[in-house]
Amino acid sequence: MLTDILTILFVGGLLCWLIPGWSRWIATLAVGLDLVLAISRWWPSAHTAMTGKWIVEEQYAWMPSMGASIHLAVDGFSLLMIVLTLLIGLLGVWISWHDQAIAEKRGFFHFHLLWLIGGITGVFMAMDLLLFYFFWELMLIPMFFLISIWGGEQRKKASIKFFLFTQLSGLFMLIAILALYILHGQQTGQYSFDYAVLLGTSLSPSLAGWLLAGFLLAFLVKLPAFPFHSWLPDAYTQSPIAGAALLAGLMSKTAAYGMLRFALPLFPQAVHAFAPWMIALGVIGILYGAKLAYAQTDLKRLIAFSSFSHMGFIVLGIFSLQELAYDGVILEMVAHAISISGLFFLVGMLRQRIQQTNLDAMGGFWEYMPRMGGIAMVFVLASLGLPGLGNFIAEFLILAGAYQAHVGWTVLASLGLIAGMIYSLVILQKVFHGKTRQALPGADIKPLEFLVMACLVVVIFWLGFFPQRVVQAVDPVVKQLKQISLQELPAQQAHQVFAQSSISTNI
Amino acid sequence: MWHQQVIPALFPQIILSVAAVVCMLLIAVKRNHAVVHLFTLLSLLLALGSLGRIPGVMGVDGLFVVDGLGVFMTGLILITAFFIGIFSYPYFSQSVLEREEYYILLLLATLGASLMVISNHFISFFLSLEILSVSLYGMIAYTKTSTVATEAGVKYLMLAAVSSAILLFGIGLMYVATGQLGLSGIGRQAVYTPTSGWFTAGLGLVLAGLGFKLALVPFHLWTPDVYSGAPAPTSAFVATISKGSVFVFLWRLFDSIGRDERMVIIFVVIAVASMLIGNWLALKQQNLKRLLAYSSIAHLGYLIVAFVAAGDRGLDAAIFYLVAYFISMLGAFGLISYLTESGKEKLLLQDYTGLFWQRPALAILLSLIMLSLAGIPLTAGFIGKFYVLLAGVYSAQWLLVMVLILSSVIGLFYYLRVVVQLFSRPDHAVYFPRSPYAISTGMAFLVLFILLIWLGIAPGNLITQIQQVVHLARG
Amino acid sequence: MISVPVHVQLLLASILFLIGLVGVLIRRNVIFMLMSVEIMLNAAGLVFIIGGAHWHQADGQAMVIFILAMAAAEVAVGLALILQVFHLHKTVDVDCLEELKDTQS
Amino acid sequence: MDVMHFLWLVPAFPLAGFLLLALLGLRLPARAIAWIGTVSIGLAALVTLWIGLDFLQQPPAAGHYRQVLWTWFNINGFAPAIALYLDPLSLVYIFVITFVSFFIHLYSTAFMRGDEGYPRFFAYMNLFVFSMVTLVLADNLLLLYLGWEGVGLCSFLLIGFWYRDEANGYAARKAFIVTRIGDTAFIIGLFLLVKQFHTLDIQDILSQAPQVWAIGAAGAFWVSLLLLGGAVGKSAQLPLQTWLPDAMAGPTPVSALIHAATMVTAGVYLIARMHVLYSLSPTMQLVVAIIGVLTLLIAGFSALAQRDLKRILAYSTISQIGYMFLALGVGAWTAAVFHFMIHAFFKALLFLGAGAVIMAMEEEHDIFKMGGLRKKMPITFWTFLAGSAALAAVPIITAGFYSKDLILFDALASTQGSTWLWLGGFIGAFITVLYTFRMVFVTFYGEQKKVIAHDPERETAMMIPLMVLGVLSIIGGWIELPHAWAHFTPFSHFLESCLPATQLKAGVESWELWLQLLTAIMVIVGIYWSWLAYVKRPALAYQLKQTAWGRALYPFFYKGWMFDQLYDTLLVKPVVWLSRIDRHDFIDYIYEGFGQLNIGINKVFSRTQNGYLRWYLLCVVGGVLIIFSLILFV
């Protein structure tokens, strides 16, 4: 099933390229089919608490002589992220259905879009570290092309900057993976990139620290966290709308996923040493990001920085090493993906109507687009963390969790709630309120656009009122992660806990 | 010693020598580009096919050793030469000059390279090197009406001659110190006289000579000039076969005499300098061929990382890397050859603006090549770099590994610059010629494309192959 | 017969080699440069002679023969190229060959 | 069938109304919109009444009723539910909320007629009622916070309802952000509670807190401080009171509903709801009382200097909530809730009356440009007078007298009360009388300065609420008579099961009559002074203003004690400055610097590729030398 999902995406991408006239339909079909597949496995799993085994697992030979295999496996957490990826991917296809910016070479656009979705999906499935890295980098290529071919004015600079940052940081992770592989091989004689195998590696504290640093560098850049966010505003602003949504909504989440799935379980001891610094980075990110967002005069940049600010919550949540915070982080991953996609889609729709994203050119749009304004309001409110919407539960749990361990930092981070409100209201008020800057009769939301936004709105409310589904689905993962915070547990024992809970059934 | 089986072991080289002579005769009978071209390709294929008849590891009079490494590299060289042969046809068919002799030189240069990879003795090495070099002089300056080609030829000739002299002087000193010219003999002797001043001095000079051929910093300055001046197929040859074969000999040499600690330091310095300076030089380069030249400097630096890492892992890595690098470079220069219009190459990056919008397939191939050179997944270059990193980490060469990472990111910048250029929308109408001889070239591109991807996604087979070959050599 | 020590012989060869090297470096006329390279090659040849004599082997001498042959080939190609250079540039001054270089932006 | 099971309908009706209006509002005719908007609230009010009657007749066994709709989430036992909790306190609140809301909605159907945002207005108003009811009925603090933020949102949306004017947008933003500052303190308090109790269930916390914390414990102190932060933000108390006067930018019914009757008293509700925590921290309770006194004085003086009818009422609201805080601070929980109810009646009435006046005066807010409306708008005048009398606490006849008097008495007589607190409250009451009757006299007496364009008295939908609320402002107080008169205290008795009775000092009951007499005299003197200054001899007020004190204090009071200017200088300007100077993110320059460095290096090395063969040769020789030196020196 997992390979099916990937194959459908990759083959669908090729088909889009070959049959450009039908690319929108092919893309819809491919992603939609996958979505159905994924939901059909995820939904039941969210009902019942799982016993720590994978829901689906597949393994094929890849580079047997190196101990690398195509090992794909998903649990509730990965499946959740996959469902999310496919959902936003599908909506991304729909929102750019009539987008003039991608009218040229549309088939090729959908090829990249589908491969991007495929890469992200692969990241959430890979249980072989080399394969993980492979998908990790694979995501970059279509993203790079999406930006550099269909991007905005500054697309060249933006795409290259994005690629350089993520590539450099990724290489550090590769080094860490290789070192782990070799160390494990030298200790046990078994050279393997397999996640379950490598979990048991015992490392000296300093070595574990270096390796963790390698992993974290990749994740913090991709997320991005302070001070590695320099690529973000350019890449987010310049990419086409569907790309921006996937970039901000999902690609950043792969980093959070990587931390939860790989960085923390692989180096539980070192994580404790890193946690205070990471928390500091997270909190600085929250506040600094909010400050930058507030200062922007371009709507897309503003949203980009708001995303950066929210990523600070994720860093804070992960490294507070608390159960509540883990749940919060996962919810934030989902909720933020939805809300930021909604905001970027919104910018895309506005851009199609007024051909720019400068805030000074906007104002009073409520008069001509009350429906769009209403929908925009939902996402603005999600962004500022209004209860009832998914982001609130997530941020509440993150902060409540972080508070258990770090009162001071949490209080500082909570200031981000105020700051978040300040910049979020700018979106609503500068765009839809105020004096009418230009007449846009008949500019209100179109049916297809409405469908897309309605899906997001429904999901974000669903998350706000029924987060239990998600909490239940990721429960085993959170339970695993919880062990990390149990410092009393000796290293070896802790490893066994992970190994037992994540070791797969025999293949 | 000299018995029946030696003949099959040297079949490829024999076939190439005979083919060169026959080629000459063909031209004497009637100048026909197509015939000579086809003959060259066929003889390369024949030589390739004859590889299968090689019985096993065997030494030939101490001069040559036909082992797994040698056979594999010979095969690689022949295939590469085959591709270069294909790319030469459209390139030279537009030329008004006599073009048939180029194929003689190509065959001879290939012969030199294929001899070098099985050389186990300084005499045979020297001979093969000279066969290679002298043919290359001709190939570089082949378009004799072109000032740049001639200039490149003269520069290469003078520098190669000087470096040959340095190399020879170094070999001489080593000979004086050990009384041996065979690598295994020197290796045996070197164990007893490792600190002999003359020996070390000689080794240093040999290193400089080899470094020149490999275009390692600080012997790299000729590279961009020669690449950009020479006809594109020749540049491909210089970038791939000539470097690959010398690299193999370098490996054999140091496998015999052992990697002295001081030597390792020298190599580390050279590798670091090559990686960094190569990439720095390419950073703002606007001429695609020069850019590829600088990139090749950096790539040889990466190879030296594998070299320093040593051992089976290092050799595996180096060979895989060479394969990936060959494919990428071949594709790049092949494209340049293909897009050459009546002898005028498209050199500047801006000449390629908007290639995607006109010839998407070519643009995608070139982008893929750039990504492969940059070592991005999905491409062979990624597995190559991954392998080299693995070797580096395994041997705990942290400095090299870190420099590799940093410099490869510097490198990524200019590769992406090329890619972005291909995809940017042109301000004015651009025209990219459709060569009338597109079928064979197109097929070649397709094969390269598939190889790039296939090795990037499923390198398992090749890795196993290489490992077997390498173990065969040691076996 | 007084035997000259090996290192003195090598010193001679080295001096010869350096003379050639300096010649290559300071002469601007390509033909003179080519001649200087010949001197360097001959210096290398001398080293092989010294080695052969020292170790009482024929290997060194054999190598010298190869060197001579190769030098001849090199000079042949070199002179042909120099002719071409003269044909194109009307000079054999090597500093005139500077069309290929990095353009400073 | 148990009536209580229909409790969920109370929030559900307004929510349904909101959803209908939000989804279909743009397509519906105005009449349908008015119907949906009003009827949804009316139904909620009826359900409330039904449940309330049932509650009174057959109180649930435990004294409260809990309805769990679904579990919100459950993380290792930390499981806030979407659950409603009905006890006398929340019953009083939802009763007031639904009924006052219903009348204000009814009023709005006429008041807002013709506005292009008609459906939007009713959608927001319904959403507000839903949020407010959720806030009050919430069984846990997280759900309460949901309602809390929800009402804040609706307040924001309705203040900025006329979105074209950027001043409205600014006022809306200010209200939202200033209250958010308090909310952030509130939510940090929730974190603390989660850490301490691993639950947010209000009853669990209230029952566990005395076991965990001794009186005066640091934990109780911090929690109550942080919750107080939320309360002062929402209830516009010192030091976060500055948003409320600006919030008057919204339509008048909004001011009546949100910024007078209901939302701003949420802080009072919160503290009353969490009274156990405050009882555990006497310091904080004293702080609450002091905040109350200071706020009521500051706001009262500010109200004295205002010219805008709605701003006078806004400051008076701040001031009256100050009384409620004072009551909470001295442990007179029921008194605070009582005053909340009465205040909701008369303040909603005053705002609605002011709305009618402003409508008649064609959006004129300045009372000094009105005048003489007594005859022209009799219903408005008489109901407004009733409300004003209640606000000024005119003895015996008005409801405001009963509630405010109770607070004043408790401020002195409660075990936590003191003379100073009483004195503050007393002076405040006097000022209240002054500004209230200044407002009445200036608006309705004297010469008429402007003709009535559109007579609101013809709108039945507007007049019915005025009359109903007018009656309630008079008779509403009779359900809780002073101890000294009779032992008729059904209101506090009703609340006893959830709010403890006020602890009085020994032997203070006899003071009550004297205090009442004092208050009565004070009120009469106050009314007389206002009459003197604004009706009899208008020059008197002018002369007073021209004295040295008057000239110094009048602008100071007019600007609300310059709090806005203070915050502007201390907070807003630095933040804005900070974000302006670093708009382009200095981190980016660092990376750009790396890029430039590499390009610089490229330039350097690029020079070595100069095309000269002999230079290349020299470099080869140099390379050899480098190798030799490495061999020799390493």
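Each chain gets a letter, A, B and so on, in the order the sequences are listed, and its residues count up from 1. The figures here come from the full heavy-atom set of this structure, side chains too, leaving out hydrogens, waters and symmetry mates.
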_Could you measure the distance from the CG atom of D/L571 to the CD1 atom of D/I181? Nearest 0.5 Å is fine._
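Answer for the CG-CD1 pair, D/L571 versus D/I181, is 7.0 Å.
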*Drop me the distance from D/F128's CZ to D/L157's CG, to the nearest 0.5 angstrom.*
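D/F128 CZ to D/L157 CG: 12.0 Å, rounded to 0.5 Å.
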_Ring-plane angle category for B/F247 and B/F307, please: parallel below 30°, perpendicular beyond 60°, tilted otherwise._
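Perpendicular, since the angle between the ring planes exceeds 60°.
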Can you tell me which of [options] forms the most heavy-atom pairs within a distance under 4.5 Å of chain D?
options                : result
B/L207, B/L203, B/L205 : B/L205
B/G209, B/A282, B/A201 : B/A201
B/R290, B/E261, B/K155 : B/K155

Say whether, by atom type as modelled, one donor and one acceptor occur between the side chain of [X] and the main chain of [Y] under 3.5 angstrom.
X      : Y      : result
B/S146 : B/A149 : yes
B/R417 : B/L283 : yes
D/H584 : D/Y589 : no
D/S155 : D/V151 : no

*Tell me, side chain or backbone of D/F605 under 4.5 Å from chain B's heavy atoms, or both, or neither?*
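For D/F605, backbone and side chain are both near chain B.
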Against chain D, label [X] side chain, backbone, both or neither, depending on which of its atoms sit under 4.5 Å from a heavy atom there.
X      : result
B/Y294 : side chain
B/L281 : both
B/V217 : neither
B/I266 : both

*Which one, D/I631, D/V624, D/L617, leads in non-hydrogen pairs under 4.5 Å with chain B?*
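When all of D/I631, D/V624, D/L617 are compared, D/I631 has the most.
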